[in-house]
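Proteins get letters first, then strands, A, B, ... in listed order; numbering begins at 1 in each.
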Amino acid sequence: MINVTLPDGAVMEMDKGSSALDVAEKINHNLALRTIVAEVNGQLVDVTRPIEEDAALLLHTFDSEIGREVYWHSSAHLMAQAVKQLFPEVKVAIGPAIENGFYYDFDRDEAFSDEDLEKIEERMRELAQEKQRFERVDMARGDATKKFKRRHEPYKVELLEAMPRGTRVSVYQQGDFIDLCRGPHLVHTGKIKAVKLLKSAGAYWRGDERNKMLKRIYGITFPSKKELRKYLAVLEEAKLRDHRKLGRELDLFSISADVGPGLILWHPNGACMRNIIEDYWRKRHVENGYKLVSTPHLGKAQLWKTSGHLDFYSDSMFAAMDIEGQEYYVKPMNCPFHIAIYKTSKRSYRELPLRYAEMGSVYRYEKSGVLHGLMRVRGFTVDDAHIICTPGQLDEEVEKLLTFSLGMLRGFGFNDFAFYLATRPEKAVGEPEEWDLATESLRKALEKHEIDFKLDEGGGAFYGPKIDIKIKDSLGRYWQCTTIQFDFNLAERFEMEYIGSDNQPHRPYMIHRALLGSLERFFGVLIEHYAGNFPTWLCPTQVMVIPVSENFKHFAQRKLKALRKEGFRAEIDLRNEKIGYKIRDAEMMKIPYMFILGQREEDTNSVSIRRHGEGDLGQFTLEEAIKKIEADINNVKDEE
RNA sequence: GCCGAUGUAGCUCAAUGGUAGAGCAAUGGUUUUGUAAACCAUCGGUUGGGGGUUCGAUUCCCUUCAUCGGCUCCA
């Protein structure tokens, strides 16, 4: 007999060689049905693997991230099996689980059409119904290589040959399909109850653009049809919230093929919101000890040579332009300009930390295929700042930044964040020891704030490591906004100095940071987060005044004037239309408040308020109405 | 940039190897309106651009531009 300890501390006595599934079955049948994978003494194993000694056991269902990962990994195998049956000439590459579902890469000359996907999906359902068991076989690397050579799977052979001699590998087989795989896997394919293949696309073998482009199929599966329907509904919802669609409908921005791809035209509504965001941003920065600066869009080649951009960043820079025999570049970053400001006078340690902030518009060459609405563009405005401080001030500045950034993002209604610490990339300036030092400093700041973070190996900027903060939106998606980048290189390269208390020159430290990231991307995220139903303080039009008929035009205009005098952004709809029509229009434009003004209101000198999405709130005096809207605006801003 | 798809009126979408159509929007009029679409009329397109095949192309082919979904990259 062996003792199996469960997460709640309970100990179960089991026969030696019992499996995790046996344990689950003993607890209750339903759990056994739902169990996907077992964690025995911290190691993930197939639920059918015998447990030979006392062990701590954790059972994962579809409710856990690990459970879903295994589930989707097995689903990828199922898909590959279906593809091999339908298209035997196809070579299989790799097929992992991803955050939402799974994919599998195949080598096939033609792309998979929508009809192909349907066929594959159908075959997956059939194979799932056959409840084929995922059988694990351990073997020597060499044996596996021979096996996959016989089966004419060159990608598997390549993977195997990259492994060290003498490695033991495992292969999993379900039905006629065999795959090189660490596992673990589901018990059998019958656990997969609902299948949806979402899209097919090209993908480079091993993610390297020098390699052959394979054909990838993305799919998702669930233990029930209901869960699949729910997931598809979320995708539909995301489509409705797409900032490109809302941007057009709410007349916020556009991108013109004539102007150029990736270049944003901010329409009056969008520009109004942008100005509100910027005003708020400036106010908070001044409050937090920043000095606002403003710098040009071009700089001489030598500047970018000194900064290292031409060596490390030129792939992202637009070509040089010739000005009277001198080469100039459009700026991809603001840092050299802020440094130039710093260097205009001799600095004392008493001045530090200096915090220069700017809404700096930069231009970066992005490959045409990556452009995406406001999220990925070629010209954008970074809410940039550079903090120049003494080494001793670094930790405190990074900590302040974390607090400042989260406060600002909360002000816009975001409350969930994910943190990343990004380390030295392949192409980088500076010595590895310096990198380690700087990375440790950022790590300390995160740990001091007791922030959970993930490590992003090699994800740093070329000049230093960074902390990235991603915000979670109302659909649970993460977007990168804040980035806090340590830099020990530019100070060196530009020979920045300050005079210390010892009356000697010293090299300052520098931090680059953007809190919103880029205004363009942040605006896109805002649109999708709120689905266009912005908090009132951000709305381009806060109140639409709607007279019931032309007879109340003057009465309505007086109210409009009063609202504007109070500082509200109000408009009036004097079109020759019925009020149902005007209300519908205002509702579709997602204007938070409508004042409906007719005989009843004129008689009592009141306004009827209609709230967007809620409907008629009844009659109020203008003073009451104003208080109401002010309260709404302040309510949101209190969260700052 | 690479793989794939798409491109018809301001928007959403039809249609066909033989002179391109609807709804909304816009414009003009009628109506003076009470909480999500009044009625009538009118305007609007070299079917993204260029080239080719054809008696004839919006439809088929090539090319180019742009967009969409991915890959690589990234604020």
Could you check whether the rings of A/His338 and A/Tyr356 sit parallel, tilted or perpendicular, using 30° and 60° as the cut-offs? perpendicular
B/G18 to B/C13 separation - P atoms, rounded to the nearest Å: 25 Å
Under 4.0 angstrom between A/Arg244 side-chain N/O and B/G69 OP1 or OP2: yes
Touch class at under 4.0 angstrom, heavy-atom based, for A/Gly517 against every strand present: sugar-phosphate
B/A66 P sits how many Å from A/Arg376 CZ, rounded? 16 Å
Do A/Arg521 and B/C74 have a side chain to base donor-acceptor pair shorter than 3.5 Å? yes
Rounded to the nearest 0.5 angstrom, the CG-CG distance for A/Leu409 and A/Leu516 is 6.5 Å
Is the backbone N or O of A/Cys539 less than 3.5 Å from a side-chain atom of A/Arg569, with the two atoms forming a donor-acceptor pair by type? yes
Touch class at under 4.0 angstrom, heavy-atom based, for A/Asn551 against every strand present: sugar-phosphate
Using the C1' atoms only, state how far B/G48 lies from B/G34, rounded to an integer number of Å. 46 Å
Identify, between A/Asp468 and A/Ile583, the residue whose nearest nucleotide on RNA chain B lies closer to the 5' end. A/Ile583
Distance between the C1' atoms of B/C39 and B/U59, in whole angstroms? 38 Å
Think A/Lys466 has a side-chain N or O under 4.0 angstrom from the OP1 or OP2 of B/A75? yes
Using atom P in both nucleotides, what's the gap between B/G23 and B/A14 to the nearest angstrom? 16 Å
Could you check whether A/Glu624 pairs with A/Lys628 (Lys NZ or Arg NE/NH1/NH2 to Asp/Glu carboxylate O, under 4.0 Å)? no
Is any side-chain N or O of A/Thr483 closer than 4.0 Å to OP1 or OP2 of B/A75? no
Applying a 4.0 Å non-hydrogen cut-off, can you work out what A/Ala514 is touching in the nucleic acid: base, sugar-phosphate, or nothing? nothing
Are A/Tyr218 and B/C71 close enough that a side-chain N or O sits under 4.0 Å from OP1 or OP2? yes
On the nucleotide B/G70, are OP1 or OP2 found under 4.0 Å from the side-chain N or O atoms that A/Lys199 carries? yes
Spell out yes or no: do the side chain of A/Arg610 and the base of B/A36 have one donor N/O and one acceptor N/O closer than 3.5 Å? yes
Using OP1 and OP2 only, check whether a side-chain N or O of A/His372 sits under 4.0 Å from B/G69. yes
Check whether NZ of the Lys or CZ of the Arg A/Arg108 lies under 6.0 Å from the centre of the six-membered ring of A/Phe87 and within 45 degrees of that ring's axis. yes
Which of A/Tyr103, A/Phe106, A/Tyr218, A/Tyr104 passes ring pair (Phe, Tyr, Trp, His ring centres under 6.0 Å) with A/Phe112? It is A/Phe106
Think A/Lys331 forms a cation-pi with A/Phe337, using NZ or CZ under 6.0 Å from the six-ring centre and within 45 degrees of its axis? yes
Report yes if the ring of A/Phe380 lies under 5.5 Å from the six-membered base ring of B/A75 with planes under 30°, and no otherwise. yes
Using atom P of each nucleotide, how far apart are B/G49 and B/A57 to the nearest Å? 14 Å
Work out how far the C1' atom of B/C3 is from that of B/A37, and round it to whole angstrom. 44 Å
For B/U58 versus B/U46, give the span between their P atoms, rounded off to a whole number of Å. 12 Å
Grab the CZ-C1' distance between A/Arg575 and B/U27 for me, whole Å please. 14 Å
Considering every strand and a 4.0 Å limit on heavy-atom distances, what is the contact class for A/Glu601: base, sugar-phosphate, or nothing? base
Taking only side-chain nitrogens and oxygens of A/Arg248, does any of them come within less than 4.0 Å of OP1 or OP2 of B/U12? yes
Which is more 5' along RNA chain B, the nucleotide nearest A/Glu577 or the one nearest A/Ala257? Just name the residue. A/Glu577
Does A/Glu366 contact B/A75 through a side-chain donor or acceptor facing the base, at a distance under 3.5 Å? yes
Output the rounded distance in Å from CD (A/Glu209) to C1' (B/C3). 13 Å
Using a heavy-atom cut-off of under 4.0 Å over every strand shown, decide if A/Gly615 touches base, sugar-phosphate, or nothing. nothing
In whole angstrom, give the distance that lies between atom CG of A/Asn211 and atom P of B/C71. 16 Å
Length of the CD-P vector between A/Glu602 and B/U32, whole Å: 18 Å
When you check the phosphate oxygens OP1 and OP2 of B/C73, does a side-chain N or O of A/Tyr204 lie under 4.0 Å from one of them? no
Expressed as a whole number of angstroms, how long is the span from A/Lys215:NZ to B/A5:P? 10 Å
If we take the P atom in both B/U8 and B/G45, what is their distance in whole Å? 15 Å
